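Input: a single structure, listed below in structure tokens.
Below, read A as the first sequence line, B as the second, and so on, with proteins coming before strands; counting in each chain starts at 1. Because the structure is predicted, anything quoted here is derived from the model rather than measured.
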Amino acid sequence: MPNELPKAYDPAAIEQKWAEFWVREHIFDSFAQAADDTSAKPFTMLLPPPNVTGRLHMGHMLNQTEMDILARWHRMRGEDSVWVPGTDHAGIATQMMVERQLASEGTNRKVVGRDAFLDRVWQWKAQYGGAITGQMRRLGASVDWSREYFTMDDNLSAAVTEAFVRLYEQGLIYRGSYIVNWDPVQQTAVSDLEVEHKETAGKLYSIRYPFADGSGSIVIATTRPETMLGDVAVVVNPADERYTALVGKTIKLPLVDRDIPLLADEWAKPEFGTGAVKVTPAHDPNDYETGKRHQLAELTIMDETAHIALPGSPYDGLERYAARERILADLHALGLLVEVKDHTLAVATSQRSGAVIEPRLSMQWFLKIQPLADKAIAAVEEGHIKFTPANYAKTYFEWMRNIHDWCISRQLWWGHRIPAYHCPECGTTCVSRTRPERCGSCDHAEMQQETDVLDTWFSSGLLPFTVFGWPGEQGTTATPDSARYYPTDLLVTGFDILFFWVARMIMFGTHFMLDVPMPDGSPRTLADAVPFREVYIHALVRAEDRQKMSKTKGNVIDPIEIIERFGTDAVRFTLASQASPGTDIAFSEQRTEGYRAFANKIWNAARFLFLQVERARAAGYKMRMGTGAQVTALPEITPMETRWIFARLRAVCAEVDRALKDYRFDEASNAIYQFFWGEFCDWYLELVKVRLDFPDMREGEAPIQNPETAISLAGLVGVFEASLRLLSPFMPFLTEELWHALYEGEAPAKSIALTRYPQPGDFPNDDAAVSAIATLQDLIVTVRALRKDLGVPEKEAAPILLHGDNRTLALADANRDMLARLARVSDVEFAQEPLTGPAARTGTGFDVLVQYERQIDVPAERERLTKELARLTKGLDAANRQLGNDGFLAKAPASVVEGLKKQQAETHLLHSKAQAALDALPA
RNA sequence: GGGCUGGUAGCUCAGCUGGUUAGAGCGCCUGCCUUACAAGCAGGAUGUCGGGGGUUCGAGUCCCUCCCGGCCCA
């Protein structure tokens, strides 16, 4: 027997080996790729591409565990499971990393220059960009590595250009000067989604603005006094009677001495501050709108770094907060600072750099979003995309219906450069797939490409079809891969990128793919234009105390470190067992310890099994380890416990199937756990030990083969082998190792991942065996409890007296050896009369009494019986009350009434017995 | 301000379209090194299902209301 397993499972000893094996042997390449087999139904998923700057965190681990379980499950069900991996170039994040590197060398990107800087980024990417995919390989994620992509690969970049040009030609992309969220640290525009609003304690300043004619003044309220340098008006609400008479007056803007009008506009809220607000169109989005309504000038007073840029002004060159202080001091000196109040405000910060956003008027590229959003909304409304949990569809609609045009340009260097070309001569801008030789207007020969790059999410929004070859050669027909794999089946992701990524993929998918005919040439409808048919949104992994993990709190759990301590399988199982939709996961090390124990349990069950096989062979039994994946019927002589465990396996397979269909990873993993530990190990292995009797073979004697023993051992091996397959999507490493060990080097497939997933129909049911084992379990548990209460020492066997129906008695009689082994029963005697007294107890269909001379602990027994009696009385009262209720009898379904009647009768019986036992206790 | 969501055993969470006496894991208590496993085995204790009201023959489950959390958007 080559299967000499160590006593305890050591994940570190096997995981590396299998992780490398799976990649080396291309186990997870799509079938079409690996065996040119296109008959299998595809199951396709796209990995949410981690940033190249990323390192694996618990969120990735959860995401990948869930996706891997599904990928493996579908693959084992015979589908062509294609899980496409890749990484995102992550514009800002990556650029920041390299800029930091340059800073440490005492230089910066502007000194280095654009081309050299990009070379540096590519170098950086080559060196560090593989960290996360390396970690994925280590985790055994069953992705198709042959399809791995990077969002800046040539083919994907070409697709980005194509998409941009098409949108431009369709009139959906425009360029213009608008107010945008400006990150003064990164010196780029960012989209609304990349801005976080933080409640911050600030001040509300009231400032007096005198009228130009000297007839008085008006007091305005602002949280940003420094922007007054760019004020072009003051507005009051038209309904605000305090100011009605003043509207139309001219104000002399303090410190600047510029004349600005006092206007009426709805934007001014009478209850806010003094009811009068200043208008700075170039530095506030609301003021920008107000300015547009009144055709006001837009005065930019700050540069890209949020320093005042007003040549000649005393504030010129001051950083915005320094300017604020100076301006407040000057206003104070002039007696114009009326009031300073504490005020909580939502400060907009840039998600990446943390810088306070400076709204800024600048030239940017925008995507007109409404036409795309309309189709994206329809796709979900019409049910072409299903969200799980379903309520995320509401969140999606909420956002989509209030969507604004998307600012897609970034003033960065790392990213897809916008395919627009400006003529330095006549100023014409054209958008083109290739660099134009000459200006279309003035024939100038040196067109200059737009320096802005695209928002990272522009390219990732296209991935569901660009990874499958879009646009292809013609640009209008499906590529072979997209014909086969588009739409993808499922997207698994976190809610944090619902808008960033999920919504954009839906918009781009329904926009671009709608133009690509179906493989048979027929026009594509919205139903087949969607990028995926289902979206499963998973939870957030939190720290054990339910706090969000964050670097600043220092409570970040590194999955790799946890894996090293507990093993990948245990960590995966922990996450799966806690992954119930809609609830965040509080990651618990204690729980992980529990699942490490589970892995060890499986390991030891295998050791037990291998030992039995060895013994059987020594006794002359011929054991074939391969039993076949499907067991349609068991031989006539099969003992009941083996019939039972197959029936249970069948039920568990059904439960796991159902649970995984509904993305109930928790229910699926718990079902397997219960089955394997609670039924297979705790009961089946103990019961079957009775059958596994292998006498030593004497020299020259023919082996005696007991058919029941042979069938029991075969059943044991068969159920164990099926359990490994059932478990393998959840614990791929352990199951791969044991499965190969079981087949002793002659496994029927290269990997357990390529075998058939156990289906309920693969195993026979047997109601009689199920009910027989249930009774036997009841009897054994009752006897064990009685023995404990009676104080029978663990090692000592004791006889029992049994009263009950014929079926129970026959069962006990036929299985004395099992009772002996599992409940230390030395002998079974039968009683004609019901049994009562402190040493007796009632189960379902029987009374049992343990014959042991030692006196029972009377007070303890009285307490136990009193409690039980109270419980039974409560149940009985409830049942009586309901059954005495005419309304219940008239309206409740017959099955419920019947069930209750049966239960009432049983409870009544138990109640009288418990009462009798209590009465029989000595005082 | 708008939207979404949660409050069930000491902890983390199940509990499907209302139907019998509310479950699991961990933890806790007691006894066992019973040769697959002490990362184990056996037995046991534990809940005013956030509060209040309502609908119903019947409510942890549906409705209203209040209290306390969380998340997203503005």
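Listed by chain and number, the residues in a side-chain contact (heavy atoms from CB on, under 4.5 Å) with A/R816 are A/D813, A/D827, A/V828, A/F830 (sequence neighbours excluded). Not counting sequence neighbours, the partners of A/R607 by the side-chain hydrogen bond (donor to acceptor under 3.5 Å, both in side chains) test are A/N604.
A salt bridge links A/R841 with A/D789: at least one charged nitrogen is closer than 4.0 Å to a carboxylate oxygen. In this structure, A/R658 pairs ionically with A/E667, as a charged nitrogen and a carboxylate oxygen lie closer than 4.0 Å. The residues A/E641 and A/R821 are annotated as not salt-bridged, no charged nitrogen and carboxylate oxygen being separated by less than 4.0 angstrom.
In the set B/C4, B/A36, B/U34, the nucleotide with an atom closest to the side chain of A/N391 is B/C4. Nearest nucleotide to the side chain of A/R784, out of B/A42, B/C37, B/G3: B/A42. Comparing B/G27, B/U12, B/U34 by their closest approach to the side chain of A/R591 singles out B/U12. In the set B/G43, B/C26, B/A36, the nucleotide with an atom closest to the side chain of A/K788 is B/G43. For A/E686, the listed nucleotide lying nearest its side chain is B/C37; candidates were B/C37, B/A42, B/A39. Side chain of A/V781, nearest nucleotide from B/G43, B/U12, B/C37: B/G43. With B/G27, B/C4, B/G43 as the candidates, the nucleotide lying closest to the side chain of A/A785 is B/G43.
Closest non-hydrogen pair, A/K269 versus A/E266, comes out as NZ-O, 3.0 Å.
The base of B/C37 has none of its N or O atoms less than 3.5 Å from a complementary donor or acceptor on the side chain of A/K7. A donor N or O paired with an acceptor N or O is found under 3.5 Å between the base of B/G31 and the side-chain atoms of A/E794.
Listed pair A/W677 / B/C41 meets the phosphate criterion, a side-chain N or O lying under 4.0 Å from OP1 or OP2. OP1 or OP2 of B/C33 has at least one side-chain nitrogen or oxygen of A/K795 nearer than 4.0 Å.
Sorted by first and then second residue, the side-chain hydrogen bond (donor to acceptor under 3.5 Å, both in side chains) pairs involving residues 385-398 of chain A (not counting sequence neighbours) form an empty list.
Only the P atoms considered, B/G69 is 31 Å distant from B/A59, to the nearest whole Å. B/U21 and B/G47: their C1' atoms are spaced 14 Å apart (whole Å). Nucleotides B/U46 and B/U17 have their C1' atoms positioned 32 Å apart, rounded to a whole Å. Annotation: B/G58 and B/A74 have their P atoms spaced 48 Å apart (nearest Å). Remark: the separation of the C1' atoms in B/C33 and B/G27 is 23 Å, to the nearest Å. Nucleotides B/C63 and B/C71 are separated by 25 Å at their C1' atoms, to the nearest Å. Separation of the P atoms belonging to B/C16 and B/U61 is 11 Å when rounded to the nearest angstrom. Spacing between B/C29 and B/C72 at atom C1', rounded to whole Å, works out to 45 Å.
Within residues 655-663 of chain A, no residue is approached by RNA chain B to less than 4.0 Å at the level of any non-hydrogen atom.
With rounding to the nearest 0.5 Å, the separation of CZ in A/F720 from SG in A/C681 is 8.5 Å.
A cation-pi contact, defined as under 6.0 Å to the ring centre and within 45° of the axis, links A/R504 to A/W406.
Nucleotide B/G43 holds its P atom 10 Å from the CD1 atom of A/I780, rounded to whole Å.
The residue among A/Y9 and A/K394 whose nearest nucleotide of RNA chain B lies closer to the 5′ end is A/K394. Of the residues near RNA chain B, A/F598 and A/R664, the one whose nearest nucleotide (by heavy atom distance) lies more toward the 5' end is A/R664.
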Q: Decide yes or no on side-chain contact (heavy atoms from CB on, under 4.5 Å) for A/L716 and A/V613, but give the supporting numbers first.
A: CA-CA 10 Å; A/L716 171 64; A/V613 170; over 6 Å; no

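Note on ring orientation: taking the six-membered ring where Trp is involved, the planes of A/F665 and A/Y663 are tilted (angle from 30° to 60°). The aromatic rings of A/W399 and A/F499 sit parallel to each other, their planes meeting at less than 30°, with 60° as the upper class boundary.
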Q. What one-letter contact string describes nucleotides 68-74 of chain B from 5' to 3', where B marks a base within less than 4.0 Å of any protein heavy atom, S marks contact via sugar-phosphate atoms alone, and - marks no contact?
A. --SSS--

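Stem analysis of RNA chain B (Watson-Crick or G-U pairs, both distances under 3.5 Å, runs of at least three) returns B:1-7 with B:67-73, B:10-13 with B:23-26, B:28-32 with B:40-44, B:50-54 with B:62-66.
Residue contacts for A/D682: at a heavy-atom cut-off of 4.0 Å it reaches the sugar-phosphate backbone alone, with no base atom in range.
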